Protein chains: 2
Amino acid sequence: MTSMSDVARAAGVSAATVSRALRGEPGVSEATRRYVTEVAKRMRYAIARDASSLAGGRKYAVAVLTADVGRGDLLAGAEGALRTAGYDVLLYVLRDGGTRAEFFEELPALGRRVDGVLALSVDLTDAERDALDALDVPVVAVRDDDLREALRLAAGHVLELGHRDVALVLAEDVDESYDELLVAEGLSVRPEWTLWSSSTVAGGEQVVDVLLDGDRLPTAVICSSGEVALGVFLRLRRDGRGVPEDVSIVSLDGPELARAVGITAVEGAWRERGEHAVHRLLAGLRDEPHDVQPPSVHLVVRESTGRR
Amino acid sequence: MTSMSDVARAAGVSAATVSRALRGEPGVSEATRRYVTEVAKRMRYAIARDASSLAGGRKYAVAVLTADVGRGDLLAGAEGALRTAGYDVLLYVLRDGGTRAEFFEELPALGRRVDGVLALSVDLTDAERDALDALDVPVVAVRDDDLREALRLAAGHVLELGHRDVALVLAEDVDESYDELLVAEGLSVRPEWTLWSSSTVAGGEQVVDVLLDGDRLPTAVICSSGEVALGVFLRLRRDGRGVPEDVSIVSLDGPELARAVGITAVEGAWRERGEHAVHRLLAGLRDEPHDVQPPSVHLVVRESTGRR
DNA sequence: CTGTTAGCGCTTTCAA
DNA sequence: TTGAAAGCGCTAACAG
């Protein structure tokens with residue numbers, strides 16, 4: 001395996017010069033740099049990163065934490081941006097409580113391996129957050145949802161279409177009702193139209209059963225997951241209700257499903273968000289400020305929503 | 001940052017002994033090993049991997065290639081198994097032609113960073129395969145589909161339920177018709193019942209339109225994707241056909257969607273497959289044989305299939 | 001601008 | 001069973 005000194009010898013310079021030339025460090029004449037670079041390429045030289053980071057302190061690696069690999073685009077976006085910036089991506093999947101505890105158990109070792117940490121879709125507890133901060137490397141965390149913002153978009157959309165009677169179906173583990181937010185957007189709220197459901201098609205169908213028990217139907221339903229939206233859609237259709245003629249449906253998540261079925265949905269630009277997170281992290285590594293706003297979620301209008 | 005020699009000093013032994021003790025190498029008395037281990041833990045010592053691999057040659061890292069992060073479970077399974085075995089996971093997302101070319105461009109450098117390569121869901125060309133093999137580290141590749149096997153399971157299932165008139169909907173980019181396979185399973189084949197469709201709900205719906213144009217409907221439809229299965233399902237229902245009373249539906253993929261909607265589907269045990277791939281790779285690293293069969297795909301029977 | 005000299009923190013002979 | 005010494009392949013001072 002050709003080493004840096006091999007290249008140095010072949011180019012007739014010292015290893016230090018090769019090092020400087022290849023890394024674009026100042027203090028090398030352009031001519032030398034060009035020549036060294038060329039020799040290195042010709043010799044198919046690849047730097048030994050261990051040696052480099054051992055000597056230099058920088059690891060050229062970032063740990064990427066993810067709760068599960070569901071939101072693939074977020075991860076892919078981050079990976080691409082890191083790779084482009086010359087960093088290796090050390091993946092850690094914090095699947096369940098077990099792997100998660102284990103990870104935080106062995107955190108100290110991580111600090112010696114990476115220059116920074118990116119937490120994607122991981123809901124960090126305060127203790128976990130503290131443990132990461134104690135690592136003494138920059139940490140950037142990205143949540144993979146932004147329910148309030150998504151809800152705002154969805155509410156604005158149906159309002160604009162003339163809807164006033166809007167039901168909201170939340171995931172079971174959400175404990176807020178978001179009434180004030182809806183009211184703030186200009187929608188009136190009926191308590192019986194805020195529902196909680198498991199994020200499944202069957203759950204969505206049951207929701208419609210509940211709604212049908214009421215004295216009248218809402219004209220629009222906002223669902224927190226694609227599965228629920230689909231369930232609502234199917235059940236309404238089975239009951240002879242037109243979508244969107246009788247009821248409009250908006251999904252706050254589940255972009256693939258929504259796209260496949262043609263449901264209006266809030267989508268997250270996840271790849272871009274992953275890239276953005278990396279830029280923030282890299283700025284942190286360089287101690288630069290980074291004020292750029294993350295790409296925001298947006299609404300993709302499809303066939304499930306119509307004018308009231 | 002406490003180093004190995006710090007631990008050595010604190011334990012009153014040499015660094016070499018600490019190294020041997022901590023790695024479980026022979027040549028250390030049990031008493032010493034226990035003591036050193038304890039001192040190290042007390043000092044919260046974490047080994048510097050750069051130094052370790054620089055000196056020892058082993059990298060304790062595996063490159064994991066993935067075409068996209070769609071099949072998250074496969075990746076998660078591999079990550080878990082690697083982590084358990086003490087290996088770092090270097091993630092490479094080969095999203096498109098560009099990143100892919102770039103990756104293979106810089107392959108040589110990879111050989112210096114990892115002990116092995118795991119290719120998940122990546123369709124390697126012969127040239128790419130050769131390039132990887134030239135890296136001189138073990139390479140294990142796992143395809144994320146096994147259409148023939150899935151089809152065999154699905155065909156067997158509908159056959160067992162008494163179906164003889166079975167339609168098959170393949171993805172657009174599949175160029176085989178799999179007639180012989182179906183015939184071998186005991187199904188008769190009508191050419192007009194082998195269809196190709198885009199993997200969308202709309203595509204599935206169109207497929208039903210085509211089928212309805214025929215002189216009679218098949219009694220079962222095997223779909224290569226969850227979206228298509230859903231489209232078929234929806235369109236049949238809209239036409240007043242009962243599923244599974246009139247037509248049974250089996251999906252060859254799209255486990256989440258199939259589960260959400262209640263469609264019988266072939267599922268892949270992806271997590272286990274990821275783990276299995278890692279075991280094969282690790283065996284390769286240790287130069288041991290590994291004959292264990294990978295976990296096979298299986299059929300999950302739901303409400304979309306019934307006896308003819 | 002370039003070279004020389006010291007390590008970085010380990011693992012691995014080789015002796016003891 | 002243990003220790004001393006010699007690197008692994010780089011980067012970072014320090015000279016020149």
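As the structure is a prediction and not an experimental result, all values here were calculated from the model. Computed from heavy atoms alone, side chains included, the values below leave out hydrogens, waters and symmetry copies. Reminder, nothing fancy here: chain letters follow the sequence lines and each chain counts from 1.
Between the side chain of Arg280(A) and the backbone N or O of Val140(A), no donor-acceptor pair lies under 3.5 Å. A donor-acceptor pair under 3.5 Å links the side-chain atoms of Glu79(B) to the main chain of Val93(A), judged by distance alone.
Rounded to a whole Å, the CZ atom of Arg58(B) is 15 Å from the P atom of dC10(C). One interatomic measurement links the two molecules: CZ of Arg113(B) to C1' of dC8(D), which rounds to 18 Å at whole-angstrom precision.
Salt-bridge formation is not detected for the pair Asp123(A)/Arg100(A): no Lys NZ or Arg NE/NH1/NH2 atom is positioned less than 4.0 Å from an Asp or Glu carboxylate oxygen. Between Lys59(A) and Asp115(A), no side-chain nitrogen of the basic residue sits less than 4.0 Å from a carboxylate oxygen of the acidic one, so the salt-bridge criterion is not met. At a threshold of 4.0 Å, the pair Asp253(B)-Arg71(B) counts as salt-bridged, since one of the basic side-chain nitrogens sits closer than that to a carboxylate oxygen. For the pair Arg9(A) and Asp6(A), the salt-bridge criterion is met [side-chain N within less than 4.0 Å of a carboxylate O]. Note on Arg33(B) versus Glu30(B): salt bridge recorded, some NZ/NE/NH1/NH2 to OD/OE distance being below 4.0 Å.
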For nucleotides 6-9 of chain C, give me every protein contact, N/O to N/O, under 3.5 Å, one pair per line with atom names.
{"residue": "dC8(C)", "atom": "O2", "partner": "Ala55(A)", "partner atom": "N", "Å": "3.2"}
{"residue": "dG9(C)", "atom": "N2", "partner": "Ala51(B)", "partner atom": "O", "Å": "3.4"}

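The closest side-chain donor-acceptor pair between Ser19(B) and Arg23(B) falls under 3.5 angstrom.
In the region residues 10-32 of chain B, proximity to DNA chain C at under 4.0 angstrom, judged on heavy atoms, holds for Ala16(B), Ser19(B), Arg20(B), Arg23(B).
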